[in-house]
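For ligands, and for the atoms within them, numbers begin at 1 and follow the listed sequence. This is a predicted model, so every value here is computed, not measured.
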Amino acid sequence: MNESNSNQRDKQFATKLIHFGAEVDKTTGASSVPIYQASTFHHHDIFNPPEYDYSRSGNPTRQALEDYITLLEGGTRGFAFGSGMAAISAALMLLSAGEHIIVTEDVYGGTYRLLTTVLTRFNIESTFVDMTNFDAVRDALQPNTKAILMETPSNPTLKITDIALVAGWAKEHGLITMLDNTFMTPYHQRPIELGVDLVLHSATKFLGGHSDVLAGLVVAADESLGRRVKQLQNGIGAVLGPQDSWLLMRGMKTLQARMEHSERSAHKLAHWLSSQSEVAQVYYPGLEDHPGRAIHEKQSAGYGAVVSFDVGSGERAKAVLSRVKLPIVAVSLGAVESILSYPAMMSHAAMPKEVRHERGITDGLLRYSVGLEDIDDLIADLEQALRF
Ligand SMILES: *Cc1c(COP(=O)(O)O)cnc(C)c1O
């Protein structure tokens, strides 16, 4: 973390988003971070190597982004990767053969796949638990447990884990705590303030915000863990390039403005859906009857922009998907345009049907990521898609 960056720490979040330390180029005064499109750096003096020597190990554009996310999450060191999965992979490489990790049961599908098909080959063992149930978390502890990975709200049924409770318990047992903060972003939820060691992001979603860049971020709460992640980032080499680093920073500047708008709309959409007879169930942490609402409100400043709902059957879900005119029908979320996903056939298609149903991911479940369109237009569009 550089000096100008540390001066921003006491500012309000909206100010940090714009004045993050590298917003004005020191050399030219340029109003955005220069894109250092270089793989290597000249040694002017062989006895005094330059600050940056090779872009896998460090690149000034990527560094500006890494300092930016560190400031927003309130950590000590940040790291940018080529995708969310690259970031999560690097973080999980903190584990060694023979060790065990406890993971949120409805963790992101790619994380589940990595743990169950790749890391198992390295003899890294995982136990998936319903983290809304603290007893289940405690019961999963083994002598070789070294880490715990939370994701809250979870995807797509938006279950809530009590972050401080789990992190406090994990600390007592010497575990490294990790949290995938993709759905909330640091605008709404700052896990490091709640005792988490490592914050993970698919920056492809809300942080980038425009469905035009794939990126992942890791922020470490303390320096010693930061050093270990740095070694993994440099060793594995799945770094984010300078162009995409710039594009991500460009998107992040409007994070608060986008989140505020989308959240207001998501709230309205969730309430509207709750009153529709065609809709069997609505999942949104801002709804009065959401089982995790009180815990969520304790640890987050907002409810986010993702609403999941069940239209009763696979047939009805497919009809809605083919009738909507405004949202794009796609995987992913967190963009300026609304995105309607169908977990049963998209993100969770690989999951056995019984397991999927057991986790509430029914054939009628749809996930709506609310964008920046006018909410009345989005509701009218969904209304015509539901009534057939
Ligand atoms: C999309 C996503 C990921 C994976 O990120 P990629 O950028 O697609 O690699 C991880 N976690 C969550 C919660 C996500 O939504």
Side-chain angles (χ1 to χ4, degrees), residues 65 69 73 78-93 101 103-119 126 128 131 149-161 163 178-189 191 196 198-219 233 236 238-241 244-245 247-248 251-252 255 259 262 266 283 285 300 303-308 328 330-335 339-343 346-351 359 361 367-371:
L65 165 65
I69 190 64
E73 288 286 5
F79 306 93
F81 294 86
S83 70
M85 282 320 303
I88 293 167
S89 301
L92 291 175
M93 292 282 185
I101 181 169
V103 184
T104 300
E105 158 187 271
D106 37 7
V107 70
Y108 177 72
T111 310
Y112 180 83
R113 181 170 52 217
L114 174 72
L115 287 162
T116 56
T117 68
V118 180
L119 295 180
S126 8
F128 298 90
M131 286 203 192
L149 172 56
M150 297 174 251
E151 195 175 308
T152 178
S154 69
N155 177 27
T157 57
L158 305 160
K159 285 191 191 161
I160 306 300
T161 298
I163 303 172
M178 308 180 189
L179 192 144
D180 185 330
N181 204 27
T182 300
F183 271 48
M184 284 293 107
T185 82
Y187 171 54
H188 276 329
Q189 182 168 282
V196 168
L198 224 48
V199 179
L200 316 175
H201 279 287
S202 169
T204 311
K205 316 295 167 53
F206 290 102
L207 290 172
H210 295 71
S211 298
D212 55 11
V213 61
L214 203 65
L217 298 168
V218 175
V219 181
Q233 184 196 36
I236 297 167
V239 295
L240 192 66
D244 283 347
S245 295
L247 201 50
L248 183 52
M252 284 165 68
L255 176 67
M259 286 297 272
S262 289
Y283 302 91
S300 308
Y303 309 107
V306 177
V307 182
S308 295
I328 64 167
V331 290
S332 201
L333 56 112
I339 302 177
L340 185 61
S341 304
Y342 186 35
M346 295 177 180
S347 53
H348 294 73
M351 192 178 270
R359 296 190 186 171
I361 308 162
R367 188 189 72 196
Y368 206 119
S369 167
V370 184

Problem set entry | Shortest heavy-atom approach to atom 5 (O) of ligand 1 - which of A203, G334, G82, S202 | S202
Problem set entry | Name of the residue among L92, L149, T111, T182 meeting side-chain contact (heavy atoms from CB on, under 4.5 Å) with L200 | L149
For this session: Within a distance under 4.0 Å of any heavy atom of E151, pick out the atoms of ligand 1 and give their elements.
Result: 13 (C)
Problem set entry | M85 N/O under 3.5 Å from ligand 1 N/O | yes
Exercise. In the protein, what heavy atom is nearest to atom 4 (C) of ligand 1, and what distance, to one decimal place, separates them?
Worked result: Y108 CE2, 3.3 Å
Problem set entry | Side-chain touch L217/L207, heavy atoms, less than 4.5 angstrom | yes
For this session: Verify ring-ring contact (aromatic ring centres under 6.0 Å, His included) between F206 and F183, making sure each step is shown before the conclusion.
Result: CA-CA 7 Å; F206 290 102; F183 271 48; 7.0 Å; no
Exercise. What is the closest protein heavy atom to atom 7 (O) of ligand 1, and at what distance does it sit?
Worked result: T204 OG1, 2.6 Å
For this session: Give a yes or no on whether the backbone of E105 and the side-chain of R359 come within a donor-acceptor separation of less than 3.5 Å.
Result: yes
Exercise. When you measure from atom 11 (N) of ligand 1 to every protein heavy atom, which one gives the shortest distance, and what is it?
Worked result: D180 OD2, 2.7 Å
For this session: Considering heavy atoms of the protein only, find what lies nearest to atom 6 (P) of ligand 1 and give residue, atom and distance to 0.1 Å.
Result: G84 N, 3.3 Å
For this session: Using distance alone, with no hydrogens and no angle criterion, decide if E151 and N181 have a side-chain donor and acceptor under 3.5 Å apart.
Result: no
For this session: Determine the sole option in I163, D180, L158, T104 for which the side-chain contact (heavy atoms from CB on, under 4.5 Å) test with T152 is passed.
Result: I163
Seminar exercise, completed: Under 4.0 Å between heavy atoms, the region of I88 that gets near ligand 1 turns out to be side chain
Exercise. What atoms of ligand 1 come within less than 4.0 Å of a heavy atom belonging to S83?
Worked result: 7 (O), 9 (O)
Problem set entry | Sub-4.5 Å side-chain heavy-atom contact between F81 and L240 | no
Exercise. So which heavy atom in the protein is nearest atom 14 (C) of ligand 1, and how far is it from that ligand atom?
Worked result: K205 NZ, 2.9 Å
